[in-house]
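Every value quoted in this text rests on a predicted model; they were computed, and no experiment measured them. What you see below is based on every heavy atom in this structure, not just the backbone, and it leaves out hydrogens, waters and symmetry mates.
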Amino acid sequence: MAEPNVITLPHIGSATEATRAAMVDLAVDNILDVLAARPARAPLPGTSAVAGAPVGG
């Protein structure tokens, strides 16, 4: 079905300098937080937000 007002892009549509820089910053912040025993800002689904903490309930 054609949609006249829709433009689709491949995943590379997010590959702007600003977006990639923000991704790097978030990754570094996550690493520094976990190494300092603080909750990660963006933990992976199914993982603990703090290094060494048990996963789950």
*To the nearest 0.5 Å, tell me how far Asp33 CG sits from Arg41 CZ.*
4.0 Å
*Search all heavy atoms of Asn30 against all heavy atoms of Ala42 and return the closest pair with its distance.*
OD1-N, 3.0 Å
_Smallest separation among heavy atoms of Ala40 and Val34, with atom names_ =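 Closest pair (atom of Ala40, atom of Val34, distance): CB-CG2, 3.8 Å.
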_Check for me, please, whether Val24 and Leu32 land in the same ILVMFWY cluster - side-chain distances under 4.5 Å, paths through other members count._
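Per the 4.5 Å side-chain linkage, Val24 and Leu32 are co-clustered.
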